[in-house]
Amino acid sequence: MAESARMRFTESYLRSLKERASIVAYAGAKIAWDKRKSNPGRGDYWACCPFHGEKSASFHVMEDKGAYKCFGCGEAGGTLDLVMKLEGLSFPEAVERLAAFAGVPLPEEPKGEAIDQEEALRRRALAAAAAAQALFVAALNSPAGGPVRAYLLSRGLGPAEWERFGLGFAPDGWTTLVEALQDKGFTLEEQIAAGVARPGQDGRRPIATFRNRLTFRIDDPQGRIIAFGARALEKDAQAKYLNSPDCLIFHKGQTLYRLKAARETLAKSRGAFQGLVVAEGYLDVIALERAGVPAVAPLGTALTAEQLALLWKAGPEPIFCFDGDDAGARAAARVLDMALPQVGPERTLSVVSLPAGQDPDDLYRKAGPDALRKALDEAAPAVEALFRREAAAKPLTTPEAKAGFKARLKKAAGAILDEETRKLYLRDLLDRADAFIRPAPQPPSAARPFAQRSPQGLAPRGARGGRGAKPGPFLAPPVPTPETKAALSKPALSDFERLLGGCLDYPSLAADHAELLVEIAFPPGALTEIRDELLAAVAERAPCDRSAIAERLTRIGLVDAARIITHLPVLTSERSETVKDSQAEAVRAALLAEERQTPAQIKAPGATSVRVAKRASARRMLTQDVGMEAGPQFARLAHELYERAVRAREEEALKQEDGDAAFERAQALHFDRLRAARLSASESDRRSEP
């Protein structure tokens, strides 16, 4: 009888229930955790065992494994075992009780034969999804995948990232993928169950779900491929991003992108994070993960209650990192409204709002991983995010508006179900509101600091001075030292600047060494911005010289980076440094003379064309006789900087990992360096061919 009752629930349903029902949340409602011994950030909880009397906490619950074990009496098992033993229920009763606790609907009771058929189809659908991923990876590395590879390189993603994140390319053609999977033995029914094919309409043949798109593999918590996300390559595509449709093996609202990898990163963070970081897009998650952050994303829809439960199951305080625009603000508001009723001890959230117009991927590529982690460190707790939202909703210029502001805060706090948390939220919000509405009184007067005073103590133009006011002290600017003067007259040029200068003067070098340029760890800021825009131009096969890249940077608002391009050095040959130094001095003199022109000279007829001609002539002086020798020197410099980046990553990996994990990581980086050496050798052979 018990066995037949157990067979009522399919393997897929029980697996889904265990993934969505938190063993910590269920056990926490029955027993009290030992706060001194528990580590919520790692998903480890301890309590006194409910199955035998004891005074010390020996009952261990592991969130990531969905399991428990008592080191006193030996009781152990999973979530359903705990429900059965704590409440004295049979297996089917425990399933129903846990489903009600987690808000998971019970399945309709199928017949035994139907269960077998569904499980068989599910296994074949999982196999079809894995086969589709293999085809996508092969297509990415084929000649047809060239534009996709160029796009990924322009976004700072090299072959190592393609493999790490399971990136691929869905080839063009309505039935290309369908026919390829049929050749591998997968029926149309199995492909549709896997979500990689769609049934044809009005009697037409089935078609591939994804065509001519960059693909992202989506895994379940066990690491099996269950779906795909896909980005369009054409600018005029109807939908920029597509996801697999809901099917037998995939349910969009119950899945998070990179959940398994994020849980593993969180476990290794040693308490640095109290939960997962939630971003809005695939590339944002990839950027966060490259920065060492445990990150996930919902799949093209607003966050659902099931996804929020998965986040809290992983850690007590997820961080929501939204784009710095109106859509990001609306997404943050929806998350707060959904989560507030359930916040309480060991269950809350934080919110990060990035600068306007930026997302995590932008911040990572332009400012580096440290800037991304710093932004996360400044995440606002839920109570602060809620207060900011309501304070910015309407102007508080009248008593009625201020009263409405307080009423909104009371209503929001009133949605919290946990009584103690609700009281503390209400008190905190109203205290903030009183301080915000009643600004602190200003001191009657204060002397301006010396730095704000003008020479001889005179007030700035337009300021009012009292009668008989005495001049204040004047601090003279510091006198530059000889070392400072020498540094200003002939600034040092870094290897990174030399490398970029060579790329801009010889665009073919940038195209030949694009993969190395992606891997090199450029300093955050303007040099990284120049490198990224240069690679984007290479991918688009657009002009890549200095003026073209400067124009592109100016167009997207990176004016400082555009100005730096003019001063980047020219890649010179090693045997003609003396000649090149004299030429460089001549160019500097010509530019200095140009800066000293009077307004009348600048506005004179034909002056502009003369200046352009002089600049072009000076540039030719610097680049003559270097073309044949720039390639080898550029390659040596690029590989030297690449080696530095690899060594830095290797040292960082050895710092963060122990034992076998560190050895495996160091070995992988060693093979990465060998691959770069082989690439360099093959390039040298190719250049030496007649």
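Just so you know, residue 1 is the first one in the sequence shown, and it goes up from there.
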**OP:** For the pair Phe71 and Phe59, evaluate ring pair (Phe, Tyr, Trp, His ring centres under 6.0 Å) and give the outcome as yes or no after the intermediate values.
**Re:** CA-CA 6 Å; Phe71 291 89; Phe59 185 76; 9.8 Å; no
Original post:
Which atom pair, heavy atoms only, marks the closest approach of Gln307 to Pro298?
Top reply: OE1-CB, 3.7 Å
Original post:
Is the shortest heavy-atom distance from the side chain of Ile226 to the side chain of Asp219 under 4.5 Å?
Top reply: no
Original post:
Any salt bridge between Glu529 and Arg365, counting N to O under 4.0 Å?
Top reply: no
Subject >> Heavy-atom pair with the smallest gap, counting every atom of Ala132 and Val196 >> reply: CB-CG1, 3.9 Å
**OP:** Tell me, with the steps shown, if Glu264 and Lys268 meet salt bridge (Lys or Arg N to Asp or Glu O under 4.0 Å).
**Re:** CA-CA 6 Å; Glu264 294 171 354; Lys268 296 176 182 177; 5.7 Å; no
Subject >> Any Leu376 side-chain heavy atom under 4.5 Å of Leu288 side chain >> reply: yes
Original post:
Is it the case that more than 12 heavy atoms not belonging to Arg15 sit under 6.0 Å from its CZ atom?
Top reply: yes
**OP:** Answer yes when Arg373 and Asp370 have at least one side-chain N-carboxylate O distance shorter than 4.0 Å, and no when they do not.
**Re:** yes
Subject >> Side chains of Phe320 and Ser350 in contact at under 4.5 Å (non-hydrogen atoms) >> reply: no
Subject >> Donor-acceptor contact present, side-chain Arg422 to main-chain Ile416, <3.5 Å >> reply: yes
Original post:
Which distance, rounded to the nearest 0.5 Å, do you find between the CD of Glu317 and the CG of Leu349?
Top reply: 7.5 Å
Original post:
Regarding Glu63 and Ser22, is there a side-chain donor-to-acceptor distance under 3.5 Å anywhere?
Top reply: yes
Original post:
Say you draw a straight line from CG of Asp34 to SG of Cys48; how long is it, rounded to the nearest 0.5 Å?
Top reply: 7.0 Å
Subject >> Side chains of Trp312 and Val24 in contact at under 4.5 Å (non-hydrogen atoms) >> reply: no
**OP:** Verify the neighbour count for atom NZ of Lys394: are there more than 12 heavy atoms of other residues, nucleotides or ligands below 6.0 Å?
**Re:** no
**OP:** Any chance you could lay out the side-chain contact (heavy atoms from CB on, under 4.5 Å) test for Glu75 and Leu82, step after step, and finish with the verdict?
**Re:** CA-CA 9 Å; Glu75 285 285 353; Leu82 185 61; over 6 Å; no
**OP:** Check Gly195 against Pro245 and note the closest heavy-atom contact, atom names and distance.
**Re:** O-CD, 3.5 Å
Original post:
Is Lys37 reaching over with its side chain to a backbone N or O of Ala57, donor-acceptor style, under 3.5 angstrom?
Top reply: yes
Original post:
Within the side chain of Asp434, is there an N or O that forms a donor-acceptor pair under 3.5 Å with the backbone of Asp431?
Top reply: no
Subject >> Euclidean distance, Lys406 NZ relative to Arg432 CZ, rounded to 0.5 Å >> reply: 14.5 Å
Original post:
Where the side chain of Ser269 meets the backbone of Leu266, is there a donor-acceptor pair that is under 3.5 Å apart?
Top reply: yes
Original post:
Is there a side-chain contact between Asp361 and Arg155, using heavy atoms and a 4.5 Å cut-off?
Top reply: yes
Original post:
Is the cationic atom of Lys366 (NZ for Lys, CZ for Arg) positioned less than 6.0 Å from the six-membered ring centroid of Tyr364 and within 45 degrees of its normal?
Top reply: no
Subject >> Expected output: side-chain Glu19 to main-chain Pro221 donor-acceptor under 3.5 Å >> reply: no
**OP:** For residues Phe322 and Val335, determine if any side-chain heavy atom of one lies less than 4.5 Å from a side-chain heavy atom of the other.
**Re:** yes
Subject >> Sub-4.5 Å side-chain heavy-atom contact between Cys49 and Cys73 >> reply: yes
Original post:
Atom OG1 of Thr79 and atom NZ of Lys65: how far apart are they, to the nearest 0.5 Å?
Top reply: 13.5 Å
Original post:
Is it true that atom CD of Gln222 has more than 12 heavy atoms of other residues, nucleotides or ligands lying nearer than 6.0 Å?
Top reply: yes
**OP:** Start with the C-alpha distance between Tyr257 and Asp284, add both sets of side-chain angles, then the distance that settles side-chain contact (heavy atoms from CB on, under 4.5 Å), and finish with yes or no.
**Re:** CA-CA 11 Å; Tyr257 177 60; Asp284 296 330; over 6 Å; no
**OP:** Apply side-chain hydrogen bond (donor to acceptor under 3.5 Å, both in side chains) to the pair Tyr241 and Arg213, showing each step before the final yes or no.
**Re:** CA-CA 9 Å; Tyr241 282 95; Arg213 286 175 177 263; over 6 Å; no
Original post:
Does the pair Trp46 and Arg36 meet the rule for a side-chain contact (heavy atoms from CB on, under 4.5 Å), with working shown?
Top reply: CA-CA 9 Å; Trp46 294 83; Arg36 292 174 299 176; over 6 Å; no
Original post:
How long is the gap from CD1 on Ile249 to CD1 on Ile225, to the nearest 0.5 Å?
Top reply: 9.5 Å
Original post:
Run the side-chain contact (heavy atoms from CB on, under 4.5 Å) check on Asp418 and Val343 step by step: do they pass?
Top reply: CA-CA 7 Å; Asp418 183 79; Val343 299; over 6 Å; no
Original post:
Given side chains that start at C-beta, do those of Thr421 and Pro345 come closer than 4.5 Å, heavy atoms only?
Top reply: yes
**OP:** State whether the number of non-hydrogen atoms from other residues, nucleotides or ligands found under 6.0 Å of Glu419 atom CD is greater than 12.
**Re:** no
**OP:** Enter the distance from Leu259:CG to Lys313:NZ here, rounded to the nearest 0.5 Å.
**Re:** 9.0 Å
Original post:
Looking at Phe101, Tyr68, Tyr45, which hits ring pair (Phe, Tyr, Trp, His ring centres under 6.0 Å) with Tyr26?
Top reply: Phe101
**OP:** Begin from the C-alpha positions of Phe216 and Phe228 and carry the test ring pair (Phe, Tyr, Trp, His ring centres under 6.0 Å) through to its verdict.
**Re:** CA-CA 6 Å; Phe216 304 81; Phe228 298 92; over 10 Å; no
Original post:
Closest heavy-atom contact between Ala393 and Arg408?
Top reply: CB-NH2, 4.0 Å
Original post:
Okay, side chain of Ser38, backbone of Trp33: is any donor-acceptor separation there less than 3.5 Å?
Top reply: no
**OP:** Considering only NZ, NE, NH1 and NH2 on the basic side and carboxylate oxygens on the acidic side, decide whether Arg122 and Glu118 come within less than 4.0 Å.
**Re:** no
**OP:** Please report the shortest heavy-atom distance between Phe387 and Ala433, naming the atom on each side.
**Re:** CE1-N, 3.5 Å
**OP:** Over all heavy atoms of both residues, which pair between Leu396 and Lys402 is shortest? Give the atoms and the distance, please.
**Re:** O-CE, 3.5 Å
Subject >> CA sep, side-chain torsions, deciding dist, call: Arg389, Asp337, salt bridge (Lys or Arg N to Asp or Glu O under 4.0 Å) >> reply: CA-CA 11 Å; Arg389 183 188 77 177; Asp337 290 337; 2.9 Å; yes
